[in-house]
There are 2 protein chains.
Amino acid sequence: MAQAHGYGGLNLRTLADLVGIKAASLYHHFPSKADLATAVARRYWEDAAAGLDAIAAKVADPAERLRKFPGTFRLALENDNRMCMCSYMTAESDDLPGIVKVEIERFNEVNIAWLAKTLVETGVPTRDARKRAHAIFAAVAGAQLMARGRGDVKVYDTLIRAYQASGLIPS
Amino acid sequence: MAQAHGYGGLNLRTLADLVGIKAASLYHHFPSKADLATAVARRYWEDAAAGLDAIAAKVADPAERLRKFPGTFRLALENDNRMCMCSYMTAESDDLPGIVKVEIERFNEVNIAWLAKTLVETGVPTRDARKRAHAIFAAVAGAQLMARGRGDVKVYDTLIRAYQASGLIPS
DNA sequence: ACCTGAACACCGTTCAAGT
DNA sequence: ACCTGAACACCGTTCAAGT
């Protein structure tokens with residue numbers, strides 16, 4: 001729900017229905033919608049971190065690992081044209097409770113740190129790696145947003161290939 | 001309001017207050033919230049198109065025009081850390097009325113077409129220009145989103161410079 | 001032609017009351 | 001410990017009634 005409708009569109013009554021209880025009962029498990037969203041967002045970046053670690057463990061070549069990164073953002077689009085929950089909630093910044101925002105920023109940090117570390121392994125100077133990682137991350141998020149708007153994963157693939165052709169993402 | 005809170009966060013009662021009438025009275029000017037948002041979105045891309053045309057009229061060098069493009073997306077951030085209304089509403093895709101979506105896509109088209117045309121003038125082959133334009137647009141939108149999340153325009157400037165350093169945007 | 005109050009079905013949230 | 005119905009102030013929207 002958060003990946004398709006954001007924080008604002010996350011409906012407690014619908015959510016309670018899916019779980020088989022009443023909306024009021026949710027408050028026995030989470031003190032508020034903000035706390036529920038915080039738990040969701042925390043699990044979200046934890047899962048992302050685990051996914052990136054799995055790539056790092058399986059793929060020896062750092063350049064090949066970088067090439068695999070856009071695949072992690074592709075999954076959401078494959079799944080009913082959804083998008084990164086954190087990109088969505090970043091748009092919602094002004095209306096997002098502070099405790100949720102903290103977890104969102106953690107997701108960004110996890111991704112950027114992983115990219116920077118991997119870039120260094122491919123020979124990018126340490127002092128350039130972080131900026132470059134940030135740029136790759138922002139561009140990938142933008143590509144995902146565009147593809148969602150058009151409702152077409154192929155748009156995403158084309159954009160990623162254009163990033164590679166321009167030299168932003170090593171290919 | 002749309003640039004800060006999106007379509008879902010666009011509140012008719014607050015909006016009516018700002019104009020000095022009651023929410024019910026809005027329905028005398030627009031049949032529904034969807035129609036109001038459509039009018040807003042249309043004006044939004046019309047203004048964007050005019051702004052890009054103004055750059056084209058004033059700046060002779062196409063490479064210099066391309067360098068000026070990120071400035072158009074910087075304005076929203078300068079204005080109370082707001083973002084592109086169309087990026088926000090693209091995230092809201094699943095809950096966005098079709099008539100609004102049409103205007104959003106028009107905004108993307110206006111920007112991409114302008115970029116493609118300008119790229120061709122700098123010597124980029126016509127058949128590559130559109131993909132490249134799309135990539136620049138997506139990356140700039142992503143950078144704006146990141147900067148909004150951090151609430152810091154300097155993040156945007158750093159990202160744009162990273163795009164230029166990588167060769168995505170001509171510098 | 002334009003505005004309004006009152007009502008509708010929806011939200012998140014609270015709380016007293018149940019098991 | 002966990003769940004519930006009923007209520008609260010809020011949404012978009014409708015409509016009969018006003019000028």
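Throughout, protein chains are lettered first and strands after them, A, B, ... in sequence-line order, and every chain is numbered starting at 1. Just the heavy atoms: all of them, side chains too, but no hydrogens, waters or symmetry mates, feed the values below.
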Does anything in residues 130-142 of chain A pair up under side-chain hydrogen bond (donor to acceptor under 3.5 Å, both in side chains), and if so which pairs, sequence neighbours excluded? A/E109-A/R130
Among side-chain atoms of A/D35 and A/T38, is any donor-acceptor pair under 3.5 angstrom? no
Note: B/R106 and B/W45 closest approach over all heavy atoms is CG-CE2, 3.3 Å
If two hydrophobic side chains count as joined below 4.5 Å and joins carry through other members, does B/L10 share a cluster with B/M83? no
For a quick test of reading the model, state the closest non-hydrogen atom pair linking A/F107 to A/C84 and the distance between them. CE2-SG, 3.5 Å
Is B/L36 touching bases, backbone alone, or none of the nucleic acid, heavy atoms closer than 4.0 Å? nothing
Within a 6.0 Å radius of atom NZ on B/K101, are there more than 12 heavy atoms belonging to other residues, nucleotides or ligands? yes
Which residues in residues 1-8 of chain B have at least one heavy atom lying under 4.0 Å from any atom of DNA chain D? none
Look at the aromatic rings of A/F73 and A/F137 and report parallel, tilted or perpendicular, splitting at 30° and 60°. perpendicular
A/R74 and A/D157 ion-paired at < 4.0 Å: yes
A/I112 with B/I160, same ILVMFWY side-chain cluster at under 4.5 Å: yes
Do we see a donor-acceptor contact under 3.5 Å between the side chains of B/H5 and A/D94? no
Tell me which pairs pass salt bridge (charged side-chain N to carboxylate O under 4.0 Å, His left out) where either residue lies in residues 56-69 of chain A, with sequence neighbours left out. A/E64-A/R67, A/E64-A/K68, A/R65-A/E121
Chain B reaches DNA chain D, atoms under 4.0 Å from its heavy atoms, from D/dC11 to D/dC15
Working to the nearest 0.5 angstrom, can you tell me the gap between B/L159 CG and B/L145 CG? 10.5 Å
With Watson-Crick and G-U wobble geometry limited to distances under 3.5 Å, how should the secondary structure of DNA chain C be encoded in dot-bracket form, using | for bases paired to another strand and [ ] for crossing pairs? ||.|||||...|||||.||
Contact check, residues 14-28 of chain A vs DNA chain C, heavy-atom distance under 4.0 Å, returns A/A24, A/Y27
